[in-house]
Amino acid sequence: MRFSSFICAALILAISCGNLRAAEATRTERLGRVITDATLTDYRGSSVSLADVQDKPVVVLAFLGTECPLAKLAVTKLNALAKEFEPRGVVILGINSNRQDSLADLAAQAKQQEIGFRLLKDAGNKLADVAGAERTPEVVVLDQKRAIRYFGRIDDQDGIGYRREAAKRQDLKSAIEELLAGKPVSVATTEVEGCHIGKVREPKPGAEVTYSKHVAPILQNRCMNCHRPGQVAPFAMTSYDEVAGWAETIAEVIKDNRMPPWHASPDHGKFANARNLPEDEKKVILDWVKAGAPEGDRRDLPPPKSFTDGWQLPREPDLIVNMRDKPYDVPASGTVRYQYFVVDPKLAEDKWVNAAEIQPGERSVVHHVLVFAKTESEMRKFDGEGAFLAAYVPGFLPQQYPTGMAKLLPAGAKLVFQIHYTPTGKATQDTSRIGLLFADEKSVTHAVMTSEARKSGGLIIPPNASDSQHEANSPKSPVDVQLLNLMPHMHVRGKSFRYELQSADGRKETLLDVPHYDFNWQTSYRLAEPLSISAGSSLHVVAHFDNSEKNLNNPNPKATVRWGEQTWDEMLIGYFDIAIARETFESTRKVTGTSRREAAAEAISPAIAARVIDGLKQLDKNKDGVLSLEETPDRLRPVFKQLDLNGDEKLTVEEARQALQKKR
C-alpha cells in the first residue's frame, strides 16, 4: 500500500529501557534493545503506534529531516525499498526528530518528494533518544519482537562531500533480507554520515555567550548571504529556532573547516572574496554550542540586515539571456551529464562587459555554470573548455571588473551555457540565465581575457595512485598584463592545486595554494589588488590527484584516468583572468567577423560538408538514420545543437545538409 498522506505526530512513549538514555549507550548495547511501543498521534487526531503493526516481521525507523541534503536524497531510496518490501510485510516509518522542522515543513516535504511511506513527527526527540539515533539519515531496523537488529546508513553511495555513481553495499536492504530469511544480520552496525538531529537541549544557566548578542551578528555577516530563504544553502539562519536546531551540525562543519567554504591556504595571497572565518569568531560559535545554544535576551539582537534577492549587480542588467526558452527537467536521482545550451543574443555590434551574473533557476540542483561567448568559426572547434565569459558556483558573487576594465563580447557571438546538475532527491526544473552590464566603449582602458595553464593530452593518472602529480604552464605573456583572479579546475579525483608565477627574470612566487581541493566548490579566487606581471612571464600550476580507494569520491580506483569532460574523467586547468592595455589588445586582436578573412573562415566547402555528414552517419549507433542528442559525444553537442534546426534533439542527414547550406 502506498501512503499518499503523511503522519505528523506527538509522541507518547512507553519504553522498556528504564531511565537509560539510549543515545548514550555503546553500539553493542543498542543492538538487541527492545522498543515495546511508541504511540504517535497524527495532526488529524488519529493515533498510530508500533502495536498497530505488531504482526509485521520487520519495522524500519528512518530518521529524516526536511532540509538535510543527504536525508532528502535518502527519500528516493526509501521509497524504492518501501515499494519492494511492503508486499513482504516490511513497514518503513519516517521519523522527524528535528526541533526546527514544523508540521507544515513535513507536509511540504511529503508532497514535494512524493513520500511513499508514513512520515512522523518525534516531538522532543524522545524516540530518537530511545533508539539511539544521532543523525539524518540514520535507519534503525526492528525485528518482530521489536528488538534493534541493525542501525546505521542506508547504503554507502552518499556521504559528506562525495557521491558515488552507485552504492557498493546496500546495507539496509541486506539487513531486511537477512531478517526476513530468519538469519542474523551479518553487518549489524555501520557509520552514518549526515546532519546531526536537531535535538531539544537544556541551555547552560548563566552562559556568557548567547545567540542574540554574540552569535547572530557573526552569522549575519558571514553566512546569511547564502543561508536565507531562496538561496543556495540548504537551510536558513534567520531565526534562533532554526539555528539552534542546526547548532551541532554548525559546530561540526566549522571544526572541520568545511564551512564557510574557503580552501586557499592563508600562507599565500590576499583575496577580495575570502570567506574564511576568523579564529575568535569560531570560538564564539563553538562555545555557544557547548553551552547548549542559549538564546539570550532578544533585545540584544542586531538590526536586520538587508539583502538583495534579485540581481546582485550594481544595477539592472543591460542584457538578460535565458539558457533556452523552456526549462530543463532535472531528475530526482542519478547522474546527469553536462548539458550545453546554445543561445544567439543577436548582437549587431561589439559590446564590452564589465560585470556579469549567472542566476540558476533552481539553485538546489545547479552545481556550476560556465557561459562561453563564441563566434561562428570558434563554435566549430569548441570542446566545452577554454576561455569563458562568466562562471557560477554556489556562493559565487557576481564578477565585476575594476573601473576601465571589461571583456569583449563580439558582434554575432553566441552564448554557450555549460551546466552541471546534481539531483537532490526531488525532480525539478531549471532555467538558468545570465545578466550582463555593458561599459561605455570609450571608457574601456583595459581588455580582460581569460587564459589558462592546461594539461590535457599528457594527463594520465595510474590506477590506485594516491598522489599523482601533474604540472602545466601557460604561454608566456608577450606583453605586460595585470592578473585579476585565479580559478583551479579538476574533477572528483582532484586533491590539491597550486599556482606559481614564473617571472621573466627567473623568480618564482606562489600566488595560490589550495591544499585540499574540493570539486563541490569551484571557487574563483579574486586578488585583493590587480598584480602587475611583466612581459615574458608565465603561470605554472602543480596539481595532485587521488585515484585510490581512500578517495570516497573516486568512481573507479582501478581505472587509468585520462582527460575528459565528465566527472569520472579528469581535467587539469588553471584558469586566470588578465587585463591588457586596450591599445595593445586592439593591435593584436584578430580580424572581426565583418572582414574577408572571417567571411572566408565562416564558409564551409563542399568537401568539409561531406566530411561532417559522414561523421554524423558514423555516430548514428543504431543506424536508424537519425542521430539523437544522447548518441552524440559531449564535446560535439554544441555543434549538434547548431545543426538541429527544429530543436527536437534529433538530427537527420537532410537536416544537417540544410544547416550546412545556410552556413556557406
Side-chain angles (χ1 to χ4, degrees), residues 262-274 368 370 372 383-391 393 396 399 401-402 405-408 446-459 461 468-491 494-519 521-545 563 570-581 584-585 588:
W262 185 253
H263 305 97
S265 166
D267 297 335
H268 305 283
K270 293 184 178 180
F271 302 96
N273 60 331
H368 77 260
L370 294 179
F372 303 85
D383 63 356
E385 297 298 333
F388 51 83
L389 178 65
V393 293
F396 192 83
Q399 178 68 64
Y401 297 113
M405 297 183 181
K407 274 188 176 181
L408 176 68
H446 288 74
V448 177
M449 301 176 66
T450 299
S451 189
E452 63 185 40
R454 166 200 294 232
K455 182 176 183 179
S456 52
L459 182 62
I461 304 169
S468 182
Q469 178 175 313
H470 297 267
E471 304 180 29
N473 290 289
S474 72
K476 292 184 178 180
S477 177
V479 297
D480 293 346
V481 299
Q482 295 183 64
L483 181 67
L484 304 180
N485 61 42
L486 306 161
M487 184 177 174
H489 180 69
M490 299 186 285
H491 289 169
K495 183 177 182 180
S496 66
F497 204 103
R498 185 172 74 250
Y499 283 82
E500 297 173 347
L501 172 62
Q502 295 184 332
S503 299
D505 59 8
R507 289 182 297 110
K508 289 186 178 181
E509 177 187 358
T510 298
L511 302 177
L512 169 68
D513 182 26
V514 180
H516 303 289
Y517 177 83
D518 187 343
F519 177 67
W521 295 96
Q522 306 278 322
T523 304
S524 176
Y525 298 87
R526 301 179 188 171
L527 275 62
E529 297 291 340
L531 177 65
S532 296
I533 296 178
S534 59
S537 301
S538 64
L539 291 192
H540 176 70
V541 298
V542 181
H544 291 80
F545 297 86
W563 177 277
E570 266 305 336
M571 287 187 175
L572 192 171
I573 306 176
Y575 290 115
F576 57 95
D577 274 358
I578 53 174
I580 304 174
T584 304
F585 174 78
T588 58

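Because the structure is a prediction, the values reported are computed rather than measured. All residue numbers in this chain count up from 1 along the given sequence.
Shown here are the side chain to side chain donor-acceptor pair (under 3.5 Å) partners of Arg526, two or more places apart in sequence or in another chain: there are none. Taking the salt bridge (charged side-chain N to carboxylate O under 4.0 Å, His left out) definition, one finds that Asp267 meets it with nothing, sequence neighbours left out.
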_Worked check of side-chain contact (heavy atoms from CB on, under 4.5 Å) between Lys508 and His540_ = CA-CA 9 Å; Lys508 289 186 178 181; His540 176 70; 5.8 Å; no
*Test side-chain contact (heavy atoms from CB on, under 4.5 Å) applied to His516 and Phe497, step by step*: CA-CA 8 Å; His516 303 289; Phe497 204 103; over 6 Å; no
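Here the side chains of Val393 and Trp521 are not in contact, with every heavy-atom distance at 4.5 Å or above. Taking 4.5 Å as the limit, every side-chain heavy atom of Leu511 sits out of range of all side-chain heavy atoms of Phe576. The shortest distance between side-chain heavy atoms of Glu570 and Trp563 does not fall below 4.5 Å. Using a 4.5 Å heavy-atom cutoff, the side chains of Gln399 and Asn485 are in contact. In this structure, the side chains of Val481 and Met449 stay at 4.5 Å or more apart for every pair of heavy atoms. Side-chain contact check for Ile578 versus Ile533: every heavy-atom pair is 4.5 Å or farther apart. Two residues are said to be in side-chain contact when any heavy atoms from C-beta on lie closer than 4.5 Å; Ile573 and Val541 fail this criterion. The side-chain heavy atoms of Ser265 and Thr510, taken from C-beta on, include no pair separated by under 4.5 Å.
For the residue pair Tyr499 and Glu509, no side-chain donor N or O sits within less than 3.5 Å of a side-chain acceptor on the partner. Using modelled atom types and a 3.5 Å distance limit, the side chains of Asp480 and Ser534 yield no donor-acceptor pair.
Residues Ser474 and Ala453 approach most closely at N-CB, 3.5 Å, considering heavy atoms. Nearest heavy-atom pair, Ser538 versus Pro475, reported as atom, atom and distance to 0.1 Å: CB-O, 4.0 Å. Among all heavy-atom pairs drawn from Ser503 and Ser537, the shortest one is CA-OG, 3.4 Å. Across all non-hydrogen atoms, the minimal contact from Pro488 to Gln522 is O-OE1, 4.2 Å. Looking at every heavy atom in both residues, Tyr401 comes nearest to Lys407 through OH-CE, 3.1 Å. Taking both residues in full, the closest heavy atoms of Glu471 and Leu572 are given as N-CD1, 4.3 Å, listed atom of the first, atom of the second, then distance.
A salt bridge links Arg498 with Glu500: the closest approach of a Lys/Arg side-chain nitrogen to an acidic carboxylate oxygen falls below 4.0 angstrom.
To the nearest 0.5 Å, atom CE of residue Met487 and atom CG of residue Leu370 are 5.5 Å apart. Rounding to the nearest 0.5 Å gives a distance of 9.0 Å between NE2 of His470 and NE2 of His544. Note that OG of Ser532 and CG of Leu483 are 10.0 Å apart. Values are rounded to the nearest 0.5 Å. For the atom pair Lys476 NZ and Leu539 CG, the distance stands at 13.0 Å (nearest 0.5 Å). Residue Asp518 holds its CG atom at 13.5 Å from CH2 of Trp262, rounded to the nearest 0.5 Å. Atom NE2 of His489 sits about 10.5 Å away from atom CD of Glu452, to the nearest 0.5 Å.
Classification of the His491-Phe519 ring pair by plane angle, with boundaries at 30° and 60°, yields perpendicular. Using a 30° and 60° split on the angle between ring planes, Phe271 and Tyr525 fall in the perpendicular class, above 60°.
Judged purely by atom type and a 3.5 angstrom limit, Asp513 has no side-chain atom pairing as donor or acceptor with the backbone of His268.
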